[in-house]
Amino acid sequence: MEVSNFIRNIIDEDLKTGKHTKIITRFPPEPNAYLHIGHSKSICLNFGLARDYNGVCHLRFDDTNPTAEDVEFVDSIIEDIHWLGFDWKDKLFYASDYYEKLYEYAEILIQDGKAFVCDLTFEELNKTRGTLKEPGTNSPYRDRSVEENLDLFRRMRAGEFEEGSKTLRAKIDMSSGNVNMRDPVIYRIKFAHHHRTGDKWCIYPMYDYTHCISDALEGITHSICTLEFEDHRPLYDWFLDQLPVPCHPRQIEFARMNLTYTVMSKRLMLKLVNEGYVKSFDDPRMPSLAGMRRRGFTPEAIRDFSDRIGVAKASSIVDFELLQFCLRNDLNLRADRAMVVLDPLKVTLENYPDDLNEEIEALNNPENPDSGTRMIPFSKEIYIERDDFKEDAPNKWFRMAPGREVRLKHAYYIICKDVVKDADGNITELICTYDPESRGGGTPDNRKVKGTIHWVSAIYNIPVEVRLYEQLFTKPDPMDAEEGKTWLDYLNPESLVTVNGFAEPGLKNTKAGNRYQFLRLGYFVTDKDSTPEKPVFNRIVTLKDTWAKMEKKM
RNA sequence: UGGGAUGUCGUCUAACGGUAGGACAGCGGACUCUGGCUCCGUACGUAGGGGUUCAAAUCCUCUCAUCCCAGCCA
């Protein structure tokens with residue numbers, strides 16, 4: 001699809017004026033958490049730009065805080081981005097690759113009198129920083145000599161000082177309205193083991209200092225980040241202006257994505273897992289890419305979704321319905337159909353020969369002529385969906401009801417003659433007749449039937465477990481809680497309903513990751529818990545249900 | 001008088017002084033061996049006031065609303 005947005009306008013202009021002849025973007029995750037659907041916007045944006053403009057997108061891990069980061073996350077992030085369909089070839093970088101260069105630049109800053117070693121404690125520093133409305137005050141260590149600063153900084157690196165006892169700070173302006181400019185810390189002491197550099201360093205550079213220089217070292221042309229970094233841009237530019245860096249990338253901010261019925265912060269996702277509201281980080285209800293992957297969402301649908309939501313600077317919350325649309329749109333063309341009954345009601349065809357065993361041919365996917373056909377066993381006793389029968393049916397109902405004729409998908413027309421009930425009045429069975437002339441779903445007299453329902457043989461079927469997933473929350477914006485409530489009060493108790501159903505036998509050897517449309521029910525994916533003895537399916541998304549909508553209005 | 005940003009159909013987004021367009025959702029209909037898909041039709045919007053201009057979503061101005069910032073996190 002064609003996309004137009006303010007970032008592309010900027011790039012078009014830069015290419016037109018000759019500011020750049022080629023663009024380089026980057027996706028810079030910190031390896032301290034799993035990726036979620038919100039990240040996919042940034043991933044699709046950065047890699048998509050590189051793809052469309054014939055440029056390059058780097059993957060760079062922003063690993064400057066060893067106490068939070070771990071290889072576990074670099075591995076999962078790499079897996080997720082690849083799964084989404086993007087690749088960076090040999091352009092895989094780590095901010096930690098630049099530690100030595102970053103250190104050299106810091107000495108330059110000191111030599112130029114633009115950075116100083118500060119002995120203020122954490123609390124003291126906070127006190128002198130001022131508030132949002134009041135300016136801060138200069139550190140008493142601000143005017144140390146270049147020689148002293150250099151000596152102290154080198155000794156910081158050498159490990160002579162305790163954690164927290166000293167920092168290296170940029171000398172900018174303690175009275176700036178932008179608190180980021182109030183002599184920000186650029187190095188802190190941490191005696192921590194880094195997942196890549198090991199114990200080589202005991203001082204680590206801060207984000208603001210590291211990010212802009214990393215961008216410059218990699219020749220990034222457009223450094224695209226989210227809105228909350230807008231306040232940091234003056235600092236980004238300040239560092240690059242002070243230092244002899246190879247280029248000065250342009251930072252551009254866009255609004256991060258929010259999605260209805262979803263929480264996306266790392267903290268909240270962690271709580272959902274740790275406190276058992278979901279089973280794991282790849283629980284199919286989680287907004288993590290791992291969860292969505294297990295849920296059966298396709299990378300194609302997520303990329304399409306990314307294109308459709310666009311990019312802008314106004315904060316927004318996207319309807320989850322759009323993602324569902326993208327999913328159905330993609331799956332409709334690709335998922336083979338299958339018949340599964342989740343809530344069985346037995347139907348006996350009284351005029352069907354006792355000893356007849358037929359196989360019915362069925363189209364795998366009417367949207368895809370190449371998908372071929374399969375055979376489904378038919379028998380005198382079958383199961384239909386309990387919902388598809390109504391004893392007192394309204395006029396507009398054209399599924400099964402006493403005396404009404406319906407079509408069994410791919411098979412025969414049947415008419416309900418009798419309803420069998422137990423002592424409590426529950427319907428236990430339907431006695432029907434079938435029209436042998438209607439085999440394959442049509443009759444010589446071209447008789448029309450309004451309703452077509454799905455079914456499985458009551459004899460030749462396999463039991464399957466089906467996990468019906470819905471939104472994790474009942475409120476579009478769970479964070480917008482009423483008085484006295486929290487987001488956890490809006491957890492949907494029915495976000496997972498597990499049912500045991502019956503499927504056509506062909507599903508026996510399904511493999512994890514296979515996707516299907518269970519006719520009239522929705523799209524499903526085989527879960528990794530699946531075995532040949534007991535296939536397990538996750539519902540990806542339901543089909544649109546016009547009848548349910550009509551029923552609601554009645 | 002801290003600083004920074006943002007306001008366009010219900011939602012997301014386009015327009016770069018010249019017909020406010022698209023998508024999802026909604027509504028109505030056609031088609032259909034899935035009440036799916038597809039197709040057709042339809043309703044709905046420039047936060048508010050003032051100004052500049054032949055012409056303003058777009059430029060100026062005031063107001064209002066919302067979001068972000070006081071980690072040795074990113």
Side-chain angles (χ1 to χ4, degrees), chain A residues 1-6 9 28-30 32 62-65 67-69 118 120-122 125-126 129-136 163-169 175-182 184-190 204 206-208 210-211 225-234 253 255 257 260 266 307-319 321-326 328-329 332-333 337 339 362-363 366-367 396-399 407-411 413 438 440-442 449-454 476 517-522 542-550:
Chain A
M1 70 184 271
E2 255 183 57
V3 277
S4 169
N5 60 55
F6 78 101
N9 293 348
E30 183 188 14
N32 71 342
D62 231 328
D63 55 350
T64 55
N65 184 5
T67 52
E69 298 150 6
C118 182
L120 253 26
T121 64
F122 187 83
L125 201 170
N126 283 344
R129 186 158 21 227
T131 69
L132 290 180
K133 295 190 176 182
E134 298 156 27
E163 254 182 61
S165 64
K166 284 181 169 48
T167 56
L168 183 70
R169 294 222 263 157
S175 65
S176 172
N178 181 347
V179 291
N180 295 120
M181 300 299 272
R182 320 238 260 229
V185 171
I186 60 186
Y187 268 93
R188 76 285 214 193
I189 301 171
K190 270 180 193 279
Y204 291 93
M206 297 287 290
Y207 163 84
D208 286 306
T210 308
H211 200 86
C225 63
T226 43
L227 247 33
E228 67 268 28
F229 292 102
E230 210 149 20
D231 287 342
H232 296 241
R233 183 162 16 106
E253 310 84 14
M257 175 185 63
T260 55
K266 185 177 64 185
D307 287 342
R308 286 171 189 269
I309 61 175
V311 182
K313 293 196 68 161
S315 309
S316 61
I317 178 159
V318 178
D319 276 347
E321 282 79 6
L322 181 60
L323 217 202
Q324 294 185 318
F325 166 83
C326 294
R328 292 182 182 121
N329 206 24
N332 179 43
L333 301 176
R337 319 279 115 135
M339 290 205 287
L363 231 40
E367 303 292 333
K396 286 177 179 164
W397 176 266
F398 39 88
R399 274 115 93 153
R407 174 166 38 228
L408 296 176
K409 178 75 180 175
H410 303 306
Y413 292 3
S438 64
V449 286
K450 275 291 230 183
T452 300
I453 63 176
H454 62 279
Q517 184 195 106
F518 290 173
L519 229 58
R520 303 209 302 135
L521 296 175
T542 60
L543 255 28
K544 271 175 48 178
D545 191 345
T546 307
W547 170 251
K549 209 184 277 174
M550 286 168 61

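Note: hydrogens, waters and symmetry copies are ignored here, and every other heavy atom, side chains too, is used. Here is how names work: the chains are called A, B, and so on, in the same order as the sequence lines, proteins then strands, and each is numbered from 1.
When the C1' atom is used for both B:A43 and B:G21, the distance is 16 Å, rounded to whole Å. Here the separation of B:C60 from B:U11, taken at their C1' atoms, is 32 Å to the nearest Å. Between B:G4 and B:U46, the two P atoms lie 30 Å apart (nearest whole Å). Separating the P atom of B:A47 from that of B:A56 is a span of 15 Å, rounded to the nearest Å. Comparing B:A15 with B:U32, their P atoms are spaced 42 Å from each other, to the whole Å. Separation of the C1' atoms belonging to B:G41 and B:A55 is 33 Å when rounded to the nearest angstrom. Rounded to a whole angstrom, the distance from the C1' atom of B:G7 to that of B:U13 is 14 Å. Rounded to the nearest Å, the gap between the C1' atom of B:G48 and that of B:C64 is 7 Å.
Remark: B:U66 base-pairs with B:A5. Criterion, Watson-Crick or G-U wobble with two distances under 3.5 Å. Across every strand in view, B:A30 sits in a pair with B:U38 that passes the Watson-Crick or G-U test at under 3.5 angstrom. Base pairing of B:C24 is made with B:G10, judged by Watson-Crick or G-U wobble geometry with both donor-acceptor distances under 3.5 Å. The partner of B:C54 is B:G18, by the rule that a Watson-Crick or G-U pair needs both atom distances under 3.5 Å.
Checking A:Leu521 against A:Asp208, the closest nucleotide of RNA chain B that is more toward the 5' end is the one next to A:Leu521. If A:Val318 and A:Leu333 are placed on RNA chain B by their nearest nucleotide, the residue sitting closer to the 5' end is A:Val318.
Side-chain atoms of A:His410 and A:Arg337, non-hydrogen and from C-beta on, never get closer than 4.5 Å to each other. The side-chain heavy atoms of A:Ile189 and A:Ser165, taken from C-beta on, include a pair separated by under 4.5 Å. Using a 4.5 Å cut-off on side-chain heavy atoms (C-beta onward), A:Met206 and A:Pro184 make no contact. Residues A:Glu30 and A:Tyr207 form no side-chain contact, since every pair of their non-hydrogen atoms from C-beta on lies 4.5 Å or further apart.
Taking only side-chain atoms of A:Glu228, from C-beta outward, the nucleotide of B:C68, B:G35, B:G71 with the closest atom is B:C68. Distances from the side chain of A:Ile309 to the nucleotides B:G35, B:A25, B:C12 place B:C12 closest. For A:Glu30, the listed nucleotide lying nearest its side chain is B:A74; candidates were B:A74, B:A23, B:G36. In this structure, of B:A5, B:U34, B:C73, it is B:U34 that holds the atom nearest to the side chain of A:Arg337. Taking only side-chain atoms of A:Ser316, from C-beta outward, the nucleotide of B:U34, B:C12, B:C73 with the closest atom is B:C12. Checked against B:G36, B:G71, B:G35, the side chain of A:Phe398 finds its nearest nucleotide in B:G35. Checked against B:G35, B:A5, B:G36, the side chain of A:Glu230 finds its nearest nucleotide in B:A5. Which of B:G3, B:U34, B:C68 sits closest to the side chain of A:Asn178 comes down to B:G3. Candidate nucleotides B:U34, B:C72, B:A74 were compared by shortest atom distance to the side chain of A:Leu519, and B:U34 ranks first. Here the nucleotide nearest the side chain of A:Met206, chosen from B:G71, B:G35, B:G36, is B:G71.
Side-chain N/O atoms of A:Thr64 include none lying less than 4.0 angstrom from OP1 or OP2 on B:C73. For A:Ser315, no side-chain nitrogen or oxygen approaches OP1 or OP2 of B:U66 to under 4.0 Å. A:Arg169 has no side-chain polar atom (N or O) that falls below the 4.0 Å cut-off from OP1 or OP2 of B:C72. At the phosphate of B:A74, neither OP1 nor OP2 sits under 4.0 Å from any side-chain N or O atom of A:Lys266. The side chain of A:Ser176 places no N or O atom within less than 4.0 Å of a non-bridging phosphate oxygen (OP1 or OP2) of B:G3. The phosphate of B:C72 has OP1 or OP2 within less than 4.0 Å of a side-chain N or O from A:Arg129. Phosphate proximity of B:G36 to A:Thr546: present, with a side-chain N or O under 4.0 Å from OP1 or OP2. Phosphate contact (OP1/OP2 of B:C37, side-chain N/O of A:Lys544, threshold under 4.0 Å): present. Between A:Asn329 and B:A23, a side-chain N or O to OP1/OP2 separation shorter than 4.0 Å is absent. Taking only side-chain nitrogens and oxygens, A:Arg182 never comes nearer than 4.0 Å to OP1 or OP2 of B:G2.
One can place CG of A:Asn332 at 7 Å from P of B:U38, the figure rounded to the nearest angstrom. The NZ-P distance, from A:Lys450 to B:U34, rounds to 12 Å in whole Å. Atom CZ in A:Phe122 sits roughly 11 Å away from atom P in B:A70 (whole-Å rounding). Rounding to whole angstrom units, CG of residue A:Leu132 and C1' of B:A70 are separated by 5 Å. With rounding to whole Å, A:Phe6 atom CZ is found 11 Å from B:A15 atom P.
In textbook terms, a nucleotide whose glycosidic angle is within 90° of 0 is syn, and B:G71 is one such case.
Contact annotation: side chain of A:Glu367 to base of B:G36, donor-acceptor pair present below 3.5 Å. In the interface, the side chain of A:Arg399 is paired with the base of B:G35 through a donor and an acceptor atom under 3.5 Å apart. With hydrogens and angles ignored, a donor-acceptor pair closer than 3.5 Å exists between the side chain of A:Asp231 and the base of B:G3. One can find a donor-acceptor pair under 3.5 Å joining the base of B:U34 and the side-chain atoms of A:Gln517.
A distance-only check finds no donor-acceptor pair linking the side chain of A:Arg328 to the backbone of A:Gly522 [under 3.5 Å]. No donor-acceptor pair closer than 3.5 Å links the side chain of A:Asp231 to the backbone N or O of A:Asn178.
Contacts of A:Pro135 with the nucleic acid, taken as non-hydrogen atoms under 4.0 Å apart, are absent.
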